[in-house]
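The structure under discussion appears below in the form of structure tokens.
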Amino acid sequence: MTKCLICEQELFIEKVTCRSCHTSYSGGFLFPRLARLSLEEQRLSESLILHGGNLKEMAESLDMSYPTLKKRLNELAQTLEEKKAQDAKLIEQTLRDIESKKINAEEGIKLIREVNGEL
């Protein structure tokens, strides 16, 4: 679940805990870009990977026509491009915040690394 069930805005992670050792991390965390896709988009992405990019097999297994599959994949690509652009804007804003001393460099670098999926 990445969206609020009430207002449908994106959720923000404030605490994560290891189930094994019970270590907890608190603060602000972003969902990775692919996790921010809708459940339907995630399933389509998973199917694409599991079928090795073979769209004919994928269309058959999803019981949809090839043109419909292509349309959905194009929509998925557009959604990912939009999320990538949003992430780029967040990085730009973070850099401006570092320059204007709204946040310190360490916090900014952490956020940028998180947006880039490095954490």
Stepwise, does the side chain to side chain contact (heavy atoms under 4.5 Å, CB included) test hold for I112 with L95?
CA-CA 9 Å; I112 290 169; L95 292 171; 3.7 Å; yes

Transitive ILVMFWY cluster of M64, excluding itself - 4.5 Å side-chain cut-off:
L34, L37, L44, L48, L55, M58, L62, Y66, L69, L73, L76, L80

Supply the atom-to-atom distance N104 CG to I109 CD1, rounded to the nearest 0.5 angstrom.
9.0 Å

side-chain hydrogen bond (donor to acceptor under 3.5 Å, both in side chains) between E14 and S26, worked out:
CA-CA 6 Å; E14 290 188 346; S26 60; over 6 Å; no

Nearest-0.5 Å distance that lies between atom CZ in R96 and atom CD1 in I103:
11.5 Å

Stepwise, does the side-chain hydrogen bond (donor to acceptor under 3.5 Å, both in side chains) test hold for Q78 with N74?
CA-CA 6 Å; Q78 181 179 353; N74 288 336; over 6 Å; no

Check S65 against T68 and note the closest heavy-atom contact, atom names and distance.
OG-OG1, 2.8 Å

Please answer whether the main-chain N or O of C4 pairs with a side-chain N or O of Q9 as donor and acceptor at a distance below 3.5 Å.
no

Taking all non-hydrogen atoms of both residues, which atom of V115 and which atom of R33 are closest, and how far apart?
O-NH2, 4.3 Å

Step by step, would you call I91 with L111 a side chain to side chain contact (heavy atoms under 4.5 Å, CB included)?
CA-CA 8 Å; I91 289 171; L111 179 59; over 6 Å; no

Where is the tightest heavy-atom contact between F31 and L11, given as atom of each residue plus distance?
CE1-O, 3.6 Å

Kindly compute the distance separating OG (S38) from CZ (R43), expressed to the nearest 0.5 Å.
9.5 Å

Would you sort out whether S61 and H51 count as a side-chain hydrogen bond (donor to acceptor under 3.5 Å, both in side chains), showing the intermediate values?
CA-CA 9 Å; S61 76; H51 287 93; 3.2 Å; yes

Are there over 12 heavy-atom neighbours, none belonging to Y25, within less than 6.0 Å of that residue's OH?
no

Distance (rounded to the nearest 0.5 Å) between E114 CD and L90 CG:
9.0 Å

More than 12 heavy atoms of other residues, nucleotides or ligands under 6.0 Å from CD of E82: yes or no?
yes

Looking only at heavy atoms, the pair that brings R36 and K83 closest together is O-CE, 3.3 Å

Rounded to the nearest 0.5 Å, how far does CD of E10 lie from CD of Q86?
7.0 Å

Evaluate K15 against S24 for side chain to side chain contact (heavy atoms under 4.5 Å, CB included), listing each step before the verdict.
CA-CA 7 Å; K15 183 177 181 181; S24 292; 3.5 Å; yes

What distance separates E46 CD from L39 CG, expressed to the nearest 0.5 Å?
9.5 Å

Trace of the side chain to side chain contact (heavy atoms under 4.5 Å, CB included) decision for E41 with E75:
CA-CA 9 Å; E41 292 165 335; E75 290 168 351; over 6 Å; no

